[in-house]
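Scroll down for the structure; my scribbles are underneath it.
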Amino acid sequence: MFDSPDESVAVPGGAPPRRGCGASTGLVVLDTDTFYDPDDTVTLAIARTQPNLVVITSDETRGRRARMVRRILDLMDRPEVPVFAGVDLGGEHRFLLDDHLEGTAPQSDDLTVLAEICSATDGPIRWVGMGPMSNIARLLSSAPELTERIVLTQMGGWLDRYRDKTRASHNFHTDPVAAGLALRVAYQPRLVLSDFTNVSQIEVTADWAFIRHLRAPGAPAWARLVAANFDAWFTRRPSSRMHDPLTFAAALDMPFITFKNETVRIEQDARLFRDPAGRPVSVPDTVDYDSFLEWMHEGVRW
């Protein structure tokens, strides 16, 4: 077992856990602004054994994210996984691995192909939003017939606790128009709020055994690439919180995170406020962080 944070959290009682342990049918779409904060790259590592996987990059920056996603998936022996370069929001500084780009190839940015893949899929389309909502807003605007078929689990938003209550959380703040549109159009979205992810219980620092495992002698090349993402991030910030692995776990209906229904008002800047006349969404009720960390660590092992 890897190290975990010293602090634990008291989980209040609530609804019984959701059933399920993974997605073996339908399609899983990871919508990720990876190779910046390394929690996205950790999610890619956990998802490397996920069948029926598609990856689209959010907050794209000159196609660099998509090129690196293609590289890491090839290193994971997943060359069949389609990769799409998503909407570029001009976040030039929100990418850390330029020194690993050599030899990578540009990826398609044709979302009509992604819509065709979704349309041809039997079973649920589990869309895991780990970055700004530009791609899902664009997809639902161009292919609204997919709305009821897409099961959207999105990392972002806050209701009670956030580091700066004058603004929306990062994923919504980066493209508030897309967030406002997608949250209104998506069918019963599930939001993994910052209230439950911006917590010390899932904070990874450079001294964790989890990081040493990625750098260990004999570690596969993909693991060393995840470690490189952590190393680059730690030159900027002292820790990374595992927002996106928790979001992926929620999309897979893992039993250590439960949800409840809320109705929210969506402001112009994409902040959310409880409002009985608002939009219906699902938000976390309880999280067993110890069980989540155990699942995450096992998912990254090789």
Side-chain angles (χ1 to χ4, degrees), residues 1-23 28 30 32 34 36-50 76 126 128-130 153-156 158 161 163 169 171 190-216 219-220 222-231 233-234 237-259 283-302:
M1 182 67 184
F2 296 109
D3 302 331
S4 61
D6 293 334
E7 297 180 4
S8 60
V9 63
V11 180
R18 300 176 63 87
R19 298 182 182 272
C21 59
V28 173
L30 296 186
T32 172
T34 190
Y36 186 51
D37 190 333
D39 64 322
D40 291 78
T41 317
V42 171
T43 307
L44 284 173
I46 297 169
R48 71 189 186 280
T49 60
Q50 176 64 50
M76 294 169 171
R126 299 171 191 257
V128 188
M130 299 163 15
T153 304
Q154 174 69 38
M155 192 274 134
W158 59 267
R161 298 182 300 276
R163 62 180 182 269
S169 63
N171 286 345
R190 180 186 294 180
L191 304 181
V192 181
L193 300 174
S194 293
D195 308 57
F196 289 84
T197 65
N198 195 29
V199 296
S200 62
Q201 289 88 345
I202 57 175
E203 188 171 35
V204 172
T205 55
D207 58 348
W208 272 44
F210 175 72
I211 308 295
R212 295 195 297 272
H213 179 65
L214 296 169
R215 301 192 190 104
W222 65 260
R224 296 195 298 273
L225 198 54
V226 177
N229 194 170
F230 272 106
D231 291 341
W233 179 258
F234 289 147
R237 299 188 185 181
S239 65
S240 173
R241 289 174 174 167
M242 297 293 104
H243 313 265
D244 295 326
L246 185 62
T247 303
F248 184 47
L252 299 183
D253 291 330
M254 299 304 294
F256 45 72
I257 177 169
T258 67
F259 283 81
V283 300
D285 186 23
T286 65
V287 179
D288 179 346
Y289 291 108
D290 289 339
S291 294
F292 160 67
L293 288 171
E294 183 176 358
W295 172 85
M296 184 184 77
H297 293 150
E298 289 300 318
V300 176
R301 289 183 188 273
W302 53 88

Nearest heavy-atom neighbours spanning [X] and [Y]:
| X | Y | result |
| --- | --- | --- |
| Val287 | Phe196 | CG2-CD2, 3.8 Å |
| Phe210 | His297 | CD1-CD2, 3.5 Å |
| Met76 | Leu44 | CE-O, 3.8 Å |
| Gln201 | Leu293 | O-CD1, 3.4 Å |
| Ser194 | Met155 | OG-CE, 3.7 Å |
| Thr205 | Pro238 | CG2-O, 3.8 Å |

Determine all donor-acceptor pairs shorter than 3.5 Å in which one atom belongs to a side chain in residues 242-249; sequence neighbours excluded.
residue: His243; atom: ND1; partner: Thr197; partner atom: OG1; Å: 2.8
residue: Thr247; atom: OG1; partner: His243; partner atom: O; Å: 3.0

Checklist entry - Can you find a side-chain donor-acceptor pair between Ser240 and Asp37 that sits under 3.5 Å? => result yes
Next on the checklist: Under a 3.5 Å threshold, yes or no: a donor from one side chain and an acceptor from the other, between Thr34 and Thr41?
Outcome noted: yes
Checklist entry - Should Leu30 and Met130 be marked as a side chain to side chain contact (heavy atoms under 4.5 Å, CB included) after you check the CA-CA gap, both sets of side-chain angles, and the distance that decides it? => result CA-CA 7 Å; Leu30 296 186; Met130 299 163 15; 4.2 Å; yes
Nearest 0.5 angstrom please: [X] [atom1] to [Y] [atom2], how far?
| X | Y | atom1 | atom2 | answer |
| --- | --- | --- | --- | --- |
| Glu298 | Ile46 | CD | CD1 | 11.0 Å |
| Trp295 | Ile257 | CH2 | CD1 | 10.0 Å |
| Arg126 | Leu252 | CZ | CG | 6.5 Å |
| Gln154 | Leu191 | CD | CG | 7.0 Å |

A side-chain contact here means heavy atoms from C-beta on lying under 4.5 Å apart; do [X] and [Y] qualify?
| X | Y | value |
| --- | --- | --- |
| Leu193 | Pro284 | yes |
| Phe259 | Val192 | yes |
| Tyr36 | Trp233 | yes |

Item to check | Steps toward side chain to side chain contact (heavy atoms under 4.5 Å, CB included) verdict (Val199, Arg241) | outcome: CA-CA 7 Å; Val199 296; Arg241 289 174 174 167; 5.9 Å; no
Item to check | salt bridge (Lys or Arg N to Asp or Glu O under 4.0 Å) involving Asp231 - partner list, sequence neighbours excluded | outcome: Arg215
